[in-house]
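To keep things clear, I will list the structure first and then write my remarks on it.
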Amino acid sequence: MTDAAPMFKRLALIGVGLIGSSIAHAARRQGLVGEIVATARSAATRKRVVELGLADRVVETNAEAVRGADLVIVCIPVGACGPVAAEIGTALAPGAIVSDVGSVKGSIVKDMAPHLPSTVHFVPAHPVAGTEHSGPDSGFAELFINRWCIITPPPGTDPKAVERLAAFWGALGAKVETMSPEHHDLVLAVTSHLPHLIAYTIVGTADELGDVTESEVLQFSAGGFRDFTRIAASDPTMWRDVFLANKDAVLEMLGAFQEDLAKLTRAIRRGDGDALFDHFSRTRAIRRGIVSIGQDSAAPDFGRPHPSLPEAPVPRPYAGGDE
Ligand code: NAP
């Protein structure tokens, strides 16, 4: 806690899962807000938020949560943001900053903006930080430290509101970048969404191999497969919504990926070692470039381990679509 005046008098959090609870922990620790009012969809989560002491007040409805708040952050799956914006629109205080943390931005702007009054500042954001854990118990104050938070203000957004939100995320520990929602979705399609799709695919593929046993997959999973299983353990609701909401950019990147995969397939089939070597040398240089700009960490790039939660167990190779 610092002695400086809080940046916002009242923070309203709608949704208190991994991201919402991490914001609560970090904002409290840094003394960034005078008060936190929270709500969640289910009574069970609201009860848990009270037990964990994540908020000063926990209320039952989204409209109740945002009343009188000068910062509102919606921390729920992308597909649920439009209906929630419709619920809170008339309860928002004039001058409030309304933001979100969704992993896709174009659809958030399209779904939320029409429901928000012109008296508030809508400043969407995406903290590029996560783990494979979900729910109010999974958050921790350090989640955003040295991670990017991408702010995607729609055209015409008050620059002062953007600055205030950027300062908030900076104080949570994040490095802040601003870009258009469309550009964000294209960048994240290749850096995050496509890798998740590949992980979801490959873990399923391993399950379908008749002549490699389940125990062999688990036993030898350190050979690359293990990181895929961590990614493939990510929340099914969140990722379903990401692929539905960022369909166009993901399909574009998937097309490019399939062309590259076809080239490598052909090189393997033809025994073209030079083509394979050239490709792997190029990707090695890309990896070294990532390390040299400080984007590497001991954790897989999509997240970092929770300091006290155990790493999620390596899941059984898929027994079907559901966990
Ligand atoms: P989470 O841990 O699963 O928590 C989701 C929260 O949203 C819970 O409080 C849940 O309430 C609530 N919720 C779920 N469905 C809802 C609905 N239909 N209407 C209202 N509330 C609903 O999820 P999270 O990881 O914090 O992700 C939240 C957002 O952050 C997503 O938009 C995601 O794209 C984005 N994000 C996630 C990550 C990541 O790695 N996890 C990283 C960056 C951004 P109940 O518990 O009561 O069901």
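Just follow the structure's listing: the first ligand is 1, and inside any ligand the first atom is 1. The model shown is predicted, which means the values in this text are computed figures rather than measured ones. Residue numbers count from 1 along this sequence.
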- Do other residues, nucleotides or ligands put more than 12 heavy atoms under 6.0 Å from the CD atom of Glu60? no

- Query: Would Arg48 and Glu51 satisfy salt bridge (Lys or Arg N to Asp or Glu O under 4.0 Å), going step by step from the backbone distance to the final call?
  - Reply: CA-CA 5 Å; Arg48 191 63 190 139; Glu51 287 163 359; 2.9 Å; yes

- Message: Using a plain distance cutoff, I'd like to know if Gly20 has any nitrogen or oxygen under 3.5 Å from a nitrogen or oxygen of ligand 1.
- Response: no

- Note on the structure: From the list Val123, Val72, Val74, side-chain contact (heavy atoms from CB on, under 4.5 Å) with Asp100 holds only for Val74

- Nitrogen or oxygen of His133 less than 3.5 angstrom from that of ligand 1: no

- Task: With heavy atoms of Gly17 as the reference, note each atom of ligand 1 found under 4.0 Å away.
- Result: 1 (P), 2 (O), 4 (O), 9 (O), 26 (O)

- Query: Does any N/O atom on Ser42 come nearer than 3.5 Å to any N/O atom on ligand 1?
  - Reply: yes

- Query: Do any nitrogen or oxygen atoms of Ile19 lie less than 3.5 angstrom from nitrogen or oxygen atoms of ligand 1?
  - Reply: yes

- Cationic N near anionic O, under 4.0 Å, Arg230 to Asp227: no

- Message: Given 3.5 Å as the limit, does a donor-acceptor pair link the side chain of Asp185 with the main chain of Asn246, or not?
- Response: no

- Query: Which of the listed options, Gly139, Ser234, Ala80, holds the heavy atom that is closest to atom 19 (N) of ligand 1?
  - Reply: Ala80

- For atom 43 (C) of ligand 1, which candidate among Cys149, Pro127, Gly130 holds the nearest heavy atom? Pro127

- Which is closest to atom 20 (C) of ligand 1 in terms of heavy atoms, Arg41, Arg147, Arg46? Arg41

- Do Lys9 and Glu35 sit within salt-bridge range, that is, some charged N less than 4.0 Å from a carboxylate O? no

- Message: Heavy atoms only, cut-off 4.0 Å: how does Met238 contact ligand 1, side chain, backbone, both, or neither?
- Response: side chain

- Atoms in ligand 1 with a heavy atom of Gly15 nearer than 4.0 Å: 9 (O)

- Query: Does Glu142 pair with Arg29 as a salt bridge, N-O distance under 4.0 Å?
  - Reply: yes

- Check ligand 1 against Ser134 and write out every atom of the ligand that is under 4.0 Å from a heavy-atom position of the residue. 2 (O), 3 (O)

- Could an N or O of ligand 1 be found under 3.5 Å from any N or O of Ser103, whether backbone or side chain? yes

- Task: Classify the angle between the aromatic ring planes of Phe243 and His193 as parallel (below 30°), tilted (30 to 60°) or perpendicular (above 60°).
- Result: perpendicular

- Task: Check Val16 against ligand 1 and report side chain, backbone, both or neither, counting heavy atoms closer than 4.0 Å.
- Result: backbone

- Task: Number the atoms of ligand 1 from 1 as they appear, then name those within less than 4.0 Å of a heavy atom of Val101, with their elements.
- Result: 29 (C), 30 (O), 35 (C), 36 (N), 44 (C)

- Item | Proximity of Ala129 to ligand 1 by residue part, where a heavy atom lies under 4.0 Å | backbone

- Query: Do any nitrogen or oxygen atoms of His126 lie less than 3.5 angstrom from nitrogen or oxygen atoms of ligand 1?
  - Reply: no

- Message: Please check this pair: side chain of Arg46 against backbone of Arg41, looking for a donor-acceptor N/O pair closer than 3.5 Å.
- Response: yes

- Item | Any donor-acceptor pair under 3.5 Å from Asp56 side chain to Val37 backbone | no

